[in-house]
Protein chains: 2
Amino acid sequence: MDEPELLIDLLEHIGLLLRTERRRQSATHRLSEVHLAILDYLAHCNRFSNTPLAVSTYLGITKGTISQSIKLLESKGLIKKETDKDDRRVIHLSLTRKGSAITRSRPAANWRKALQRLDNDDLRHATQVLRQLLDQLQKENGYKTFMQCRSCRHLLANEAGAYRCGLTQQPLKPRDLGKICVEHEPGSPGAAESG
Amino acid sequence: MDEPELLIDLLEHIGLLLRTERRRQSATHRLSEVHLAILDYLAHCNRFSNTPLAVSTYLGITKGTISQSIKLLESKGLIKKETDKDDRRVIHLSLTRKGSAITRSRPAANWRKALQRLDNDDLRHATQVLRQLLDQLQKENGYKTFMQCRSCRHLLANEAGAYRCGLTQQPLKPRDLGKICVEHEPGSPGAAESG
DNA sequence: TCTATTAGTTTCGTTTCGATACTATATGAC
DNA sequence: GTCATATAGTATCGAAACGAAACTAATAGA
């Protein structure tokens with residue numbers, strides 16, 4: 001078996017384990033695995049990416065289904081909706097305190113422990129390679145990369161060191177750079193490097 | 001955001017893309033995503049691991065559900081069942097020619113292409129790191145590693161260069177070493193290295 | 001103003017899923 | 001041997017998740 005296929009097998013398997021782990025955790029909150037996935041996503045995404053459409057793109061399920069899940073999560077008081085001020089078709093989702101509490105315990109402690117056992121340089125390198133893989137998949141397939149603003153070609157910094165998004169022209173705080181964005185495109189022109 | 005969490009995000013996202021890609025392909029065969037996942041698994045696993053229980057463990061869904069899926073796949077002529085000769089409770093599943101034809105087109109061409117664009121040493125290194133991650137997850141969580149016999153501590157070789165599994169005492173052909181096994185445990189004592 | 005597009009919702013029927021109870025075989029104690 | 005227990009797999013049932021398609025509402029562009 002060749003190396004690329006081996007890597008895909010590993011990615012597939014680890015992906016399944018992540019789902020299994022999430023399923024286990026979701027049971028304790030009386031949620032489905034997908035619902036927990038939505039909460040996790042909302043905890044990581046920036047303010048351009050917290051819409052039902054972005055969620056459905058990220059998770060790969062249809063917007064009709066997502067709409068149902070969101071209704072349920074809202075009824076449980078885990079997320080709240082807010083209409084966009086500029087485009088009144090758009091809805092922004094955010095975690096309530098209660099929803100935020102659930103995501104704070106993730107990723108699971110045992111996964112963190114397993115990662116701590118690995119060499120730091122190895123982790124960094126593997127992360128870098130997967131990032132490249134995602135870039136290539138974006139080029140080949142048009143998949144959205146959903147990565148951090150930090151590595152996005154739209155990220156701009158002025159001479160005062162303030163950041164903004166070249167696409168939306170919105171200002172970005174330093175902490176925004178670590179959030180994932182539905183508009184992310186690989187390559188970082190004049191901006192900060194990861195790390 | 002720290003490096004480990006970043007890696008988990010990437011693994012999560014790539015796992016989702018793999019599912020999305022599989023879902024797209026499954027539609028063309030009028031199958032569900034899970035059914036295609038079962039076929040893929042059967043194409044990769046060895047003869048100790050082609051049971052309904054192993055499938056359900058690998059995919060993380062209950063055996064009752066798997067039982068139904070298997071019944072459906074059998075009725076479509078994609079897999080066939082065979083009762084184990086030594087333990088008549090156990091059933092072995094295998095792909096029919098028709099089922100095998102479906103898995104042969106996977107992983108998808110565009111994924112292969114994306115991987116080819118990456119540096120070979122990088123791929124090898126990343127593969128190695130993910131393998132270690134899986135080992136650690138096994139230690140921490142008891143997750144099954146489901147890796148190739150090649151890297152299993154149960155693998156034995158005699159002086160004639162013939163392989164066998166120290167757990168089942170069954171002989172293993174060279175091509176068996178590249179198959180994934182439900183009994184896999186990390187660490188390779190006296191046996192061949194990967195590559 | 002008219003048309004096309006986009007974000008999100010609703011509805012409906014299908015499929016999938018987990019839980020539970022079940023059968024059949026195997027194992028181990030005695 | 002016999003009986004209890006464990007294990008592999010199946011059957012059944014109700015809940016839910018899902019995709020498809022039709023729909024509403026807001027926007028964009030001609």
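Atom set for the values below is all heavy atoms of this structure, side chains included, hydrogens, waters and symmetry mates excluded. Quick note on labels: first sequence line is chain A, next is B, and so on, each numbered from 1.
An OP1 or OP2 oxygen of C:dT9 is reached within less than 4.0 angstrom by a side-chain nitrogen or oxygen of A:S67. Side-chain nitrogen and oxygen atoms of A:R89 include none within less than 4.0 Å of the OP1 or OP2 phosphate oxygen of C:dG8. Applying the 4.0 Å criterion to OP1 and OP2 of D:dG19, one finds that A:T62 has a side-chain N or O inside that range. The side chain of A:K85 places no N or O atom within less than 4.0 Å of a non-bridging phosphate oxygen (OP1 or OP2) of D:dA26. The phosphate of C:dT16 (OP1 or OP2) has a side-chain N or O of B:S32 nearer than 4.0 angstrom. Residue A:K71 places none of its side-chain N or O atoms closer than 4.0 Å to OP1 or OP2 of C:dG8. When the side-chain nitrogen and oxygen atoms of B:K81 are compared with OP1 and OP2 of D:dT10, one or more of them lie within a distance under 4.0 Å. OP1 or OP2 of D:dG19 has at least one side-chain nitrogen or oxygen of A:T65 nearer than 4.0 Å. For the OP1/OP2 pair of D:dA17 and a distance below 4.0 Å, the side-chain nitrogens and oxygens of A:H35 include at least one atom meeting the criterion.
Ring orientation note: the planes of A:H125 and B:H125 are tilted relative to one another, at an angle of 30° to 60°.
If you check every strand for non-hydrogen atoms under 4.0 Å, B:I61 touches sugar and phosphate atoms only. Within the nucleic acid shown, B:D84 has no heavy atom closer than 4.0 Å to any nucleic acid atom.
Note: CD (B:Q68) to C1' (C:dT15) measures 12 Å, nearest angstrom. Regarding A:H92, its NE2 atom lies at a distance of 11 Å from the C1' atom of C:dA7, rounded to whole Å. Note: CZ (B:R30) to P (D:dG19) measures 17 Å, nearest angstrom. Atom-to-atom, CZ of B:R23 to C1' of D:dA17 comes out at 11 Å; the value is rounded to the nearest Å. Here the C1' atom of nucleotide D:dG9 and the CD1 atom of B:I66 are 12 Å apart, to the nearest Å.
In this structure, NE2 in B:H35 is found 5.0 Å from CG in B:L72, a value given to the nearest 0.5 Å. In this structure, CD1 on A:I14 lies 8.0 Å from CG on B:L7, to the nearest 0.5 angstrom.
Candidate nucleotides D:dG9, C:dT11, C:dA7 were compared by shortest atom distance to the side chain of A:V90, and C:dA7 ranks first.
At least one side-chain heavy atom of A:E21 sits under 4.5 Å from a side-chain heavy atom of A:R24.
Of the two residues near DNA chain D, A:D87 and A:K63, the one whose nearest nucleotide lies more 5' is A:K63. When each of B:L53 and A:V34 is assigned the nucleotide of DNA chain D bearing its nearest heavy atom, the one mapping closer to the 5' terminus is B:L53.
Looking only at atom types and distance, the side chain of A:S100 has a donor-acceptor partner in the side chain of A:R104 under 3.5 Å away.
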